[in-house]
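Order of the sequence lines sets the chain letters (A, B, ...), proteins ahead of strands, with each chain counted from 1.
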Protein chains: 2
Amino acid sequence: MTAKDTRTQILDTAQELIQRVGLNAMSYADISTAVGIRKASIHYHFPSKDNLVVALLDRFSSYFFRLFDVILDSPESPEIKLRRYCDLFIATLSSGNQDKACLYGMLGAELKTLNSSSNEQVLKFYRDNQTRLVQLLQQGRETGEFKFPGQVESMAMVIFSMLEGGILVTRADGGVAQFREMVEQLIQVVKG
Amino acid sequence: MTAKDTRTQILDTAQELIQRVGLNAMSYADISTAVGIRKASIHYHFPSKDNLVVALLDRFSSYFFRLFDVILDSPESPEIKLRRYCDLFIATLSSGNQDKACLYGMLGAELKTLNSSSNEQVLKFYRDNQTRLVQLLQQGRETGEFKFPGQVESMAMVIFSMLEGGILVTRADGGVAQFREMVEQLIQVVKG
DNA sequence: GTCTATAGCGCGATAGAC
DNA sequence: GTCTATCGCGCTATAGAC
């Protein structure tokens, strides 16, 4: 078990800070304190803040969709797959202290302050989630396990919006327990 | 039609700015430019930024729940009431330019950077929404119009989270049209 | 009630030694 | 690759004239 390199430590710290207080409330000074290096050293690894954000979003997106694709391609039932997908959000919510929201959810709120690259990364993350959710819902309908009314595309949007919003809402009030209850309700609705 | 007083202009401008870029990306200088007065004059009306935020949240909360209560107490059917409630969010989304999110949704993301007063105001807003939604859903079940599975409390959380998240997600991609489609899907699900 | 002027701080970023 | 030192800017906030 070798120690993480500095670049990784910076990314980890930046991500945690953004998930807690947001991009615009997070500074190089904050990262500096947490990692134990000077601000100038962070600029060596990430010349600008925009630069850091782009790298962070790339890393998280790769990580997240790798997990999502494993779920999609698994031999489990659609219901289990949907549960596992929702668990990805719960994991974010319950890792470390309870104050964290979803990385892309936070940046969705701060969307209009991002540069065009990051703006497009957020947009792509939302689209890619919904595209994969459509596949998952379609699988469930084919097996007869899912019996909700309406179109799969609309239902995918309902689910994704609920998860993103639910993280923010339950962070303020109720925490993980409430989030889980909401997910259970969703599963029931999807099963019809 | 008398002109709005300065205090109101400041609140209106601050609200629009927060809904677009967030609290932490909005400055007294921005308000100053938009209203056409100097920064010092804003401090006369609102000594500190925290002060301004508290006043803004109070005003919006009063406004919003006055409308919500009118809907709840109206003689309409539960389905119409739910639609009208969702319309409150759509109105926010489609007023002025298309770049605006929900005021309390934005501050939910920036929750950890708020002072304790504003933090509690956000928490109360979320709770009060869900409490009233529970009443609305209960009414619908009693008339037989709503036929969703599970508990009304869980369903209220699903709906509120979806609306808050949906505003952020569709602001990035799809806009009002997508938001409306999502709401339609919700109505279908609630009716069972 | 609005103004000019400014204090005091934190920010992102850079130069250059080691 | 990390450091010290510093620049220039924008921020919230205040003092005091009008």
Review point. Are A/E79 and A/R83 ion-paired here, with the side-chain N under 4.0 Å from a carboxylate O?
Key: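 Answer for the salt bridge query: yes.
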Point to revise | Electrostatic pair B/K124-A/D173, nearest N-O below 4.0 angstrom | key: no
Which nucleotide in the list [options] gets nearest to the side chain of [X]?
| X | options | result |
| --- | --- | --- |
| B/R38 | D/dC3, D/dT12, C/dC3 | C/dC3 |
| B/A40 | C/dC3, D/dA13, D/dG1 | C/dC3 |
| A/H45 | D/dT2, C/dA13, C/dC3 | D/dT2 |
| B/K49 | C/dT4, D/dC3, D/dA13 | D/dA13 |

Is there a side-chain contact between [X] and the phosphate of [N], meaning an N or O under 4.0 Å from OP1 or OP2?
| X | N | answer |
| --- | --- | --- |
| A/T6 | D/dG1 | no |
| A/S41 | D/dC3 | yes |
| A/S27 | C/dG10 | no |
| B/Y44 | C/dT2 | no |
| A/S48 | C/dG12 | no |

Review point. Should the pair A/R141 and A/F148 be classed as cation-pi, given the thresholds of under 6.0 Å to the six-membered ring centre and 45° from the axis?
Key: yes
Rounded distance (Å) that lies between atom [atom2] of [N] and atom [atom1] of [X]:
| X | N | atom1 | atom2 | result |
| --- | --- | --- | --- | --- |
| A/F46 | C/dT14 | CZ | P | 16 Å |
| B/I31 | D/dC11 | CD1 | C1' | 12 Å |
| A/M26 | C/dG10 | CE | P | 17 Å |
| B/L17 | D/dT12 | CG | P | 11 Å |
| A/K39 | D/dT2 | NZ | P | 17 Å |
| A/H43 | D/dT2 | NE2 | P | 14 Å |
| A/N24 | C/dC11 | CG | P | 12 Å |
| A/I42 | C/dC11 | CD1 | C1' | 13 Å |

Check your understanding: B/Y28 near the nucleic acid: base, sugar-phosphate alone, or nothing, with a heavy-atom cut-off under 4.0 Å?
Key -> sugar-phosphate
Point to revise | Within the 6.0 Å centroid threshold, strictly below: B/F64 and B/Y104 | key: no
Review point. Should the ring pair A/F160 and A/F89 be called parallel, tilted or perpendicular, given that the plane angle runs from 0 to 90° and is split at 30 and 60?
Key: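 The arrangement is perpendicular - the two ring planes meet at more than 60°.
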